[in-house]
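Have a look at the structure below before the remarks.
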Number of protein chains: 4
Amino acid sequence: MSPRTDEKNAEIRQESMKRIAEAAFELIARQGFEATTIAQIAQKAGVSKGLLYNYYKSKEDLLEKVVVDSLAGADQTMAGLMTDDAATTLENLCRYYFRELRTKPEQWRILTELTFRIDQFQFIHDIATKKMRGYLDLLESLLNNMGFPDARGEAKLLAALFDGIAIQYLVIRDDYPLDEVEQYMITKYCKRHPQ
Amino acid sequence: MSPRTDEKNAEIRQESMKRIAEAAFELIARQGFEATTIAQIAQKAGVSKGLLYNYYKSKEDLLEKVVVDSLAGADQTMAGLMTDDAATTLENLCRYYFRELRTKPEQWRILTELTFRIDQFQFIHDIATKKMRGYLDLLESLLNNMGFPDARGEAKLLAALFDGIAIQYLVIRDDYPLDEVEQYMITKYCKRHPQ
Amino acid sequence: MSPRTDEKNAEIRQESMKRIAEAAFELIARQGFEATTIAQIAQKAGVSKGLLYNYYKSKEDLLEKVVVDSLAGADQTMAGLMTDDAATTLENLCRYYFRELRTKPEQWRILTELTFRIDQFQFIHDIATKKMRGYLDLLESLLNNMGFPDARGEAKLLAALFDGIAIQYLVIRDDYPLDEVEQYMITKYCKRHPQ
Amino acid sequence: MSPRTDEKNAEIRQESMKRIAEAAFELIARQGFEATTIAQIAQKAGVSKGLLYNYYKSKEDLLEKVVVDSLAGADQTMAGLMTDDAATTLENLCRYYFRELRTKPEQWRILTELTFRIDQFQFIHDIATKKMRGYLDLLESLLNNMGFPDARGEAKLLAALFDGIAIQYLVIRDDYPLDEVEQYMITKYCKRHPQ
DNA sequence: TATGAATGAGTATTCATTCAT
DNA sequence: AATGAATGAATACTCATTCAT
């Protein structure tokens, strides 16, 4: 019960939770939520099923925490991409988005899949709605700064375009010309002066 | 000597299958595939669980048949929207798409969700991939006829845009300005002469 | 309702029952009783499931009738093997038994298997007990006529020997020297004068 | 740091498995394999259905493990009956066989029944075939040592005789003179000098 | 006589969750 | 903090049997 022990405990705790979360995300990304069992997650994380329930209330709670964590990480990274120049910022965001899509397609696949399951997971509804509004506001502000007329309307289309490109790529995958589309988007939205 | 004529039997079968399929699609669309039980489907269809297995090999087989049927119906409807004029055809398709989204959002949601569950529903993924390619070709051909330069590239963005609008609408729902976006799309792609 | 129709009906009836019984025996012999479904039997017999229940009260009733028929056929054949000379009769029976074993091993297999399921099928108990006693009496009488001392005791062993040979052959099958054993039995019991 | 020592866990597991196996064997021996439900076994063993599946992959796996265990036990016991003198060993085996038959007829019945269900329980058939060959070799060796001419042929008949006696006894049961037959077998094969 | 659509009771199996240690 | 034995509710699927026609 000395402070040292408490510290150590907190450390162990963090370590265990991290391993559980990683195992969960990886398995769920590969197999889907219902096809992944608590037993699999515990085994992959190298902990007992019981311990898992010390940290997470339920399987769904685990999913929520994992998803929230994953998105929080993305938010943080995106914050680092902001600059004083709107066009540069937009280009940074754009490149980041395409890089993520290319390097972690399975993670994006599961996140997108979950987005479609709004009615089944309440937390998804809240998160997805908030995220979408946030991105919309960000895009609007950037486009506005860049001098686009009807920045709000354009932002809506741009947001939809990003989502749609992800869908097409995640489904068609190897045959989808992601590089080409990325180039097109950057040229069209970040390099040209708006009319 | 048949106690019931073959036609009568076929009729009865069709009727039962239809009721089962409708019940299944509706429940699955609302609750998702795993959350929907065979018992629920049978009850909603007003038949016994056993009868369901006279017509469908398994729960997954039922899903497949229902999805294929649903998509076949859409194909047929779309075929009727073709005209001699590319711009008119595109406008028809566009209006049809937005009408579907508005009137049957749950169906679109479940179909898209299932498309993403590659490892679990290979057949849906295959169908969806083929459809996506088909739409891409159709859009390219239309845009080409309408005089767009780089019709292929533009078709890709347009396809992504349609998908993206759907996901945004399905998530944000009531707050999403679907009418406005529809108008914008039609104006931009179907009414203006390409540069 | 004319006599002619009744006759015809009876004929049809016989024909249908025969086909059902044959299909049932064949399927049950190959797959076992519980692994064989009424649907399979009906299909193989080319009749409807409903018709089957016009003739047989239940699946178990069908099994009983089929088994009884099969054994009755054997009885009839055996009756034709009787002669005035006990040694000749015994030899005939012996040869018949081995020939059956060789030509219809699957049928014997299922009958033997059923014999072991006394507690599960009441009718099996009755039939098997009666048969065994009948054979015992027959063998005793034959051995007695042939001059064996302690014909009853010897008959008991002989009966057990026949059963045991069947078991060994039906299990080991191809490697079992059935011909050799047959020859041995005939030589030992039918050809030599008892001491 | 384990909340329960590994040994303690192993003990608990062994205990549970034993109770399940015993319950399963007893019920299956009495009612047959398909007539015995998992629920019955679990209840008789005093555990939940779920626990049963912690230890056995399926109902059939449970059957296999139980059968293999049971036969391994018999092997061990028989090994203890071997002596330097062939006649004594044979007599020991003979007495053991009859005692088993008398005290555990249901177990013999079910094991033999299962042996005949080749297509459904391949593993039992394989085990039984191997056992039969093993017994044959053992009998041949013993008879050979005892000076029997044609020990191989005699062994075959003796093996069949044992099997046949079992089936006769299991069917006729109370009316079958098992004691008398046992005496006869011992006198004939173990006490007399071969000619 | 004959059919086959329909039933529903029955069964193996899975898995999130709990809790004694 | 950590374990894993144990639970039991939930669920897909089967199949003998019935009955309207």
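Numbers restart at 1 for each chain; the letters A, B, ... are given by sequence-line order, proteins then strands. Just the heavy atoms: all of them, side chains too, but no hydrogens, waters or symmetry mates, feed the values below.
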Check DNA chain E against residues 41-51 of chain B and give the residues with a non-hydrogen atom under 4.0 Å, in numerical order.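 By residue number: V47(B), S48(B), K49(B), G50(B), L51(B).
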Provide, to the nearest angstrom, the distance between the [atom1] atom belonging to [X] and the [atom2] atom belonging to [N].
X	N	atom1	atom2	result
M17(C)	dA2(E)	CE	P	11 Å
I38(A)	dG4(F)	CD1	P	16 Å
Q14(B)	dA5(E)	CD	C1'	14 Å
R19(B)	dA5(E)	CZ	C1'	13 Å
Y56(B)	dT14(F)	OH	P	16 Å
I20(B)	dA6(E)	CD1	C1'	10 Å
F33(B)	dT11(F)	CZ	C1'	12 Å
L52(D)	dA6(F)	CG	P	11 Å

Output field dot_bracket for DNA chain E (Watson-Crick or G-U, both distances under 3.5 Å, | for other-strand pairs) contains .||||||||||||||||||||
Classify the ring geometry of F123(C) against F121(C): parallel below 30°, tilted from 30° to 60°, perpendicular beyond 60°.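 Ring orientation, 0 to 90° scale: tilted.
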Between [options], which nucleotide gets closest to the side-chain atoms of [X]?
X	options	answer
R4(B)	dA12(E), dA20(F), dT17(F)	dA20(F)
S16(D)	dA12(F), dA6(F), dT1(E)	dA6(F)
Y53(C)	dA16(F), dA12(F), dT21(F)	dA16(F)

Whichever of A35(C) and I12(D) has its nearest DNA chain F nucleotide further upstream toward 5':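 This one resolves to I12(D).
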Salt-bridge test for E106(B) and R109(B): reply yes if a basic N is under 4.0 Å from a carboxylate O, no otherwise.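 Yes.
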K65(C)/D69(C) salt bridge by N-O under 4.0 Å criterion: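 No.
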I28(A) vs V66(A) side-chain heavy atoms within contact, under 4.5 Å: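 Side-chain contact under 4.5 Å: no.
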Is the shortest side-chain heavy-atom distance between K131(C) and I127(C) below 4.5 Å?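 Yes; the side chains approach each other to less than 4.5 Å.
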E34(B), CD atom: more than 12 neighbouring heavy atoms under 6.0 Å: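 Yes, enclosed.
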So does E60(A) have more than 12 non-hydrogen atoms from other groups sitting under 6.0 Å from CD?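 For E60(A), atom CD is crowded (more than 12 foreign heavy atoms under 6.0 Å).
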How far apart are the C-alpha atoms of I124(C) and L63(C), what are their side-chain angles, what is the distance that settles it, and do they pass the side chain to side chain contact (heavy atoms under 4.5 Å, CB included) test? CA-CA 10 Å; I124(C) 287 287; L63(C) 177 70; 5.6 Å; no
Under the criterion side chain to side chain contact (heavy atoms under 4.5 Å, CB included), I'd like the reasoning laid out for I20(C) against V47(C): C-alpha separation, chi angles, the key distance, then a yes or no. CA-CA 8 Å; I20(C) 292 170; V47(C) 302; 3.9 Å; yes
Closest nucleotide of DNA chain E for K59(A) versus for R13(C): which of these residues is on the 5' side?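 Result: R13(C).
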If you find the nucleotide of DNA chain E closest to E34(D) and the one closest to N54(B), which residue's nucleotide is nearer the 5' end?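 Mapping each residue to its closest nucleotide by heavy atoms, the 5'-most match is N54(B).
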At under 4.0 Å between heavy atoms, what does Y55(D) touch on the DNA or RNA strands: base, sugar-phosphate, or nothing?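 Y55(D): backbone/sugar contact only, no base atoms under 4.0 Å.
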F33(C) and E113(C): CA distance, side-chain angles, deciding distance, side chain to side chain contact (heavy atoms under 4.5 Å, CB included) verdict: CA-CA 10 Å; F33(C) 178 68; E113(C) 178 198 322; 5.9 Å; no
